[in-house]
Amino acid sequence: MELITAVKGFKDILPEETGRWQYVEDQARRIFTAFGCREIRVPVLEKTDLFTRGIGEATDIVEKEMYTFRDRGDECLTLRPEATASIIRAYLEHHLHATDPIAKLYTIGPMFRRERPQKGRYRQFHQIDVEILGHEDPRIDAEVILMLLHFLQSVGMESPHLEVNSLGCPACRPAYRTSVQSFLAGKEADLCDDCRRRLGTNPLRVFDCKIEACREIITKAPSITDFLCEECKDHFAQVLSSLAIFDIAYTVNPRMVRGLDYYTRTAFEITTEFLGAQNAVAGGGRYDGLIRDLGGPDIPGIGFAIGFERLLALTADTSAPPPSRLPDLFIAALGVSAEQFAYRLCNNLRLRGRKVEMDYQSRGLKSQMKRADKLKCRRVLIIGDREIEAQQAEMRDMVTGEQVRVSLGDSFAWIDMLV
Ligand code: AMP
């Protein structure tokens, strides 16, 4: 019969890999907690409106990439393509802002975008996501970036490169938009279909386009830096001076607008030369209007998302997660009553936290020793029916080959040997 395989762009994470996933997750939890963040877990499925309103209609994600379907109750639902909108929905729905408008949250989990799968790009991928709500202060922007870089380095990422920009606010961005629109007017013929279509609705999206011809054109476009209002200029200058306090190197990239509509003021990306075309490992920014746009009060926010798979690809050689724990003991049982005894002992030791294995195929000693060897068990306890009667067994050290007689009486003094 033909095997059923996984859906294209969806990947299994096999037991050999999960050790590194857990290690990275542990580091994230440890570092984010030190910065005052708490974990939130939100559903992977949301009402479609949450993303169309949150991320913006005229973005790649909403226009082309969402897994959207009608369920059996005819409700229009979407597998989340990112976490920010869901986290804000939860923050508002549970009135977290009523007790304390400041919420520092993180979540780790799968996101879904129907992009063309290629190296470093999947349809189900994972993000480590942080959202800091309720702070407008530019020092927070630098603090978030400091935390992000510290985390990336803690898991072995070498030379992360920080790009920052300010995207302005509703007071100054419209003038910039108009100026980009006029700059692109007359160049429609050279733009790709998507960009041409978006000229009227969302001309800044051209900055995100991956098509070479569009990229070429947009390099000569006006720079947002020249359009920032005094408040935004000042905010950005303070972000940069706060980064300097921690000696964080950065490049100001006035052409980085990021692919989602909700960003205001600070936007940033962490890139690396080691990822090829998919060179961003993390990205984020401030979204001071998003909570209001989603029906909440006027509360500012800033956050970032790290691509888990890309981070793992980057740190394959440099991070050293602790090796997975090998079994402390293998119990080789020979005979019916020895097997019964072994079954009870094996599970009792596990209940005490020992990692113990045994075989259930009633095979000879040689096969059981082979199995113990394969599982890399340090010690083997060999029990036969006769030994049960005598309340004794042999304990073999698989590394030194040394074998000693141990008592199977009540005290099990030999358990201490297993350390
Ligand atoms: P974004 O939410 O688009 O700002 O993406 C944040 C990070 O998630 C990116 O920098 C990537 O590292 C990662 N990412 C985004 N899309 C994908 C994808 N399709 N496959 C793998 N990683 C992705």
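Every number for a ligand or one of its atoms is a count from 1 in the order of the listing. Reckoned from all heavy atoms, side chains included, excluding hydrogens, waters and symmetry mates.
Polar contact with ligand 1: present for Gln127 (N/O pair, distance under 3.5 Å). For the pair Tyr263 and ligand 1, the shortest N or O to N or O distance does not fall below 3.5 Å. Looking at Ile306 next to ligand 1, no N or O pair under 3.5 Å apart turns up. Looking at Ala280 next to ligand 1, an N or O pair under 3.5 Å apart turns up.
By heavy-atom distance, the residue among Tyr122, Phe125, Phe112 lying nearest atom 23 (C) of ligand 1 is Phe125. The closest non-hydrogen atom to atom 2 (O) of ligand 1, taken over Met111, Arg113, Glu82, comes from Arg113.
Note: Thr272 OG1 to Leu311 CG = 10.5 Å, rounded to the nearest 0.5 Å.
Asn279 and Thr271 share no donor-acceptor pair across their side chains, judged by distance under 3.5 Å alone.
Put simply, the side chain of Arg310 gets close to the backbone of Ala280: a donor and an acceptor are under 3.5 Å apart.
Considering only heavy atoms from C-beta on, His97 comes within 4.5 Å of Pro297 through its side chain.
In this structure, Glu309 falls outside the shell of residues with a heavy atom less than 4.0 angstrom from ligand 1. At least one heavy atom of Gly120 sits less than 4.0 Å from an atom of ligand 1.
When only non-hydrogen protein atoms are considered, atom 4 (O) of ligand 1 lies nearest to Arg258 NH2, 2.5 Å.
Ring geometry for Trp21 against Phe308 counts as parallel: the plane angle stays under 30°, on a 0 to 90° scale with 60° as the upper cut.
Lys8 forms no cation-pi arrangement with Phe10, by the criterion of a distance under 6.0 Å to the ring centre and an angle within 45° of the ring axis.
Within a 6.0 Å radius of CD in Glu93, more than 12 heavy atoms belonging to other residues, nucleotides or ligands are found.
At a 4.0 Å heavy-atom cut-off, ligand 1 touches Arg121 through backbone and side chain alike.
For ligand 1, the atoms lying closer than 4.0 Å to a non-hydrogen atom of Ala282 are 10 (O).
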